[in-house]
Amino acid sequence: MKIATFNVNGIKTRLAHLLRWLEREQPDVACLQELKALDEGFPERELRDAGYGALWKGQRSWNGVAILARGTDPLEIRRELPGDAADEQSRYLEAAVNGLVVGCLYLPNGNPQPGPKFDYKLAWFERLIAHAATLVDSPHPVILCGDYNVVPTDFDIYNPRSWRKDALLQPETRDCYARLLAQGWTDSLRHVHPDEAVFTFWDYFRQHWEHNSGLRIDHLLLNRKLAPSLKAAGVDRWVRGEQKASDHAPTWVELDLDRLTAPSPKRKI
DNA sequence: ATGTCCCCACCTTGGGGA
């Protein structure tokens, strides 16, 4: 089972890219971020024609997340991150797909830093940490994936020098991510590629894609139940190389759900 | 400070966000 996360940077502009990628890579589940469209602007029919059922949560101009499932409809669990009823931003969706719990998130960018946007980022992160604590030891397999807007370490960026003041590299941001992982989550890409620089995002400035000056900010985290199923992980870099591409590339894991450990039976003496 | 690309509105340019 292949699960992917892809910040499309505008679903309307990127629909043809998205359809080409789905056709070629056939992910079973795809979590999308930055739809930048209202609910009524979501291309439900085109995706259904491509074989995908969908859940989505749009917003005018900014944010927006969706969960796609090949050959089935994702079963909605929640449409917002708990902890702040006043939060209007469309940044979280959670659904069940074939027994797997999938959380799709778009963590706030947080720039400029310091400032109210950075405060919002850290507050949102704390809510994510609190919610994740209820999922990490779940008897169900859980994956939390999306654009975390965190470069976890200096190894996850081409060169941190010009990014030192950026919200994505701040010690507070990294501490949140470290505390999240410390609950017991597996960072799939880093687990599969411990010694390799892996990037998922190359900004549009200064020919960063052409020079492979990237960042690793799209993450797929597995809870304890799911982690033993991790078979492979990677980045579909070819999507970033297309004309008029998103600044992110689809990032994925391959899971072998047959490896899900059954609840341990009561042992007879 | 800058670079580029997205979306929307004071709607075909300019501003905000990333």
Side-chain angles (χ1 to χ4, degrees), chain A residues 5-21 30-44 46 56-66 81 87-92 104-125 128 145-152 156-170 172-174 176-177 199-219 235-251:
Chain A
T5 180
F6 182 21
N7 180 322
V8 294
N9 189 14
I11 186 90
K12 280 176 270 192
T13 301
R14 223 67 69 189
L15 181 58
H17 295 77
L18 174 62
L19 292 173
R20 272 195 300 277
W21 169 65
C31 292
L32 309 181
Q33 301 88 32
E34 282 206 82
L35 303 180
K36 294 185 171 178
L38 292 165
D39 278 341
E40 48 267 41
F42 187 82
E44 177 184 19
E46 290 86 343
W56 63 96
K57 182 177 165 92
Q59 182 180 336
R60 183 183 295 282
S61 303
W62 298 303
N63 309 323
V65 286
L81 192 60
D87 187 358
E88 300 274 305
Q89 301 193 22
S90 297
R91 296 183 175 277
Y92 192 81
C104 170
L105 64 103
Y106 176 48
L107 207 132
N109 172 291
N111 282 306
Q113 166 288 133
K117 291 187 180 170
F118 191 61
D119 296 341
Y120 174 66
K121 176 183 192 137
L122 295 181
W124 203 95
F125 219 145
L128 178 64
C145 59
D147 179 356
Y148 281 71
N149 271 314
V150 184
V151 175
D156 298 300
I157 183 169
Y158 65 101
N159 180 352
R161 195 170 58 88
S162 59
W163 291 80
R164 276 291 172 227
K165 292 180 179 172
D166 194 280
L168 280 59
L169 278 74
Q170 291 314 298
E172 298 95 323
T173 308
R174 288 177 163 179
C176 283
Y177 191 70
F199 303 140
T200 68
F201 165 86
W202 299 258
D203 72 24
Y204 293 122
F205 302 158
R206 291 167 293 202
Q207 296 189 293
H208 277 165
W209 166 248
E210 288 76 3
H211 300 134
N212 194 30
S213 298
L215 287 67
R216 189 173 74 94
I217 58 177
D218 300 276
H219 306 303
V235 180
D236 291 330
R237 293 174 56 109
W238 67 268
V239 179
R240 182 64 181 82
E242 296 227 296
Q243 289 295 314
K244 303 282 284 178
S246 168
D247 40 7
H248 294 251
T251 306

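Per chain, numbering begins at 1; letters A, B, ... match sequence-line order. These numbers were taken from a predicted model, which means no experiment stands behind them.
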A:Lys117 side chain N/O closer than 4.0 Å to the phosphate oxygens (OP1, OP2) of B:dG17? yes
Can you tell me how far P of B:dC6 sits from CD of A:Gln59, to the nearest Å? 19 Å
Starting at the 5' end of DNA chain B and moving along, which residue's nearest nucleotide shows up first, A:Lys12 or A:Tyr106? A:Lys12
Full working for ring-ring contact (aromatic ring centres under 6.0 Å, His included) between A:Tyr158 and A:His211: CA-CA 10 Å; A:Tyr158 65 101; A:His211 300 134; 9.7 Å; no
Scan side-chain atoms only and decide if A:Thr200 and A:Asp218 contain a donor-acceptor pair under the 3.5 Å cut-off. yes
Just wondering, are more than 12 heavy atoms of other shown residues or ligands nearer than 6.0 Å to CZ in A:Arg164? yes
Sort out for me which residue in A:Leu18, A:Thr5, A:Asn7 forms a side-chain contact (heavy atoms from CB on, under 4.5 Å) with A:Leu32. A:Leu18
Over how many whole Å does the gap from A:Asn111 atom CG to B:dG16 atom P extend? 16 Å
Return the value, rounded to whole Å, for the distance between atom CD of A:Glu34 and atom P of B:dG16. 18 Å
Span that lies between the C1' atom of B:dG15 and that of B:dC10, in whole angstrom: 11 Å
So which nucleotide from B:dC6, B:dC5, B:dC8 ends up closest to the side chain of A:Tyr204? B:dC5
Taking the C1' atom of each, how far is B:dT2 from B:dC7, in whole Å? 22 Å
Short side-chain N/O contact from A:Ser61 to OP1 or OP2 of B:dG17, under 4.0 Å: no
If you check the A:Thr13 side chain, which of B:dA18, B:dG3, B:dC6 turns out closest? B:dC6
On DNA chain B, check which nucleotide each of A:Leu35 and A:Gly110 is closest to and give me the residue with the more 5' one. A:Leu35
Rounded to whole angstrom units, what separation is found between the CG atom of A:Asp203 and the P atom of B:dG17? 18 Å
Using the P atom in both, what is the distance from B:dG3 to B:dG14, to the nearest Å? 15 Å
For A:Phe201 and B:dC6, what is the distance between atoms CZ and C1' respectively, to the nearest whole Å? 12 Å
Are the side chain of A:Trp56 and the backbone N or O of A:Gly64 linked by a donor-acceptor pair below 3.5 Å? no
Could you state the CZ-C1' distance from A:Phe205 to B:dT2, rounded to the nearest angstrom? 8 Å
How many Å lie between CG on A:Asn7 and P on B:dA18, as a whole number? 11 Å
Nearest-angstrom distance, P atom, B:dA1 to B:dC6: 26 Å
Would you indicate, yes or no, if B:dC5 has its OP1 or OP2 atom less than 4.0 angstrom from a side-chain nitrogen or oxygen of A:Arg14? no
Can you check the A:His248 NE2 to B:dT4 C1' distance for me, whole Å? 14 Å
Do the side-chain N or O atoms of A:Lys36 get closer than 4.0 angstrom to the phosphate oxygens (OP1, OP2) of B:dC5? no
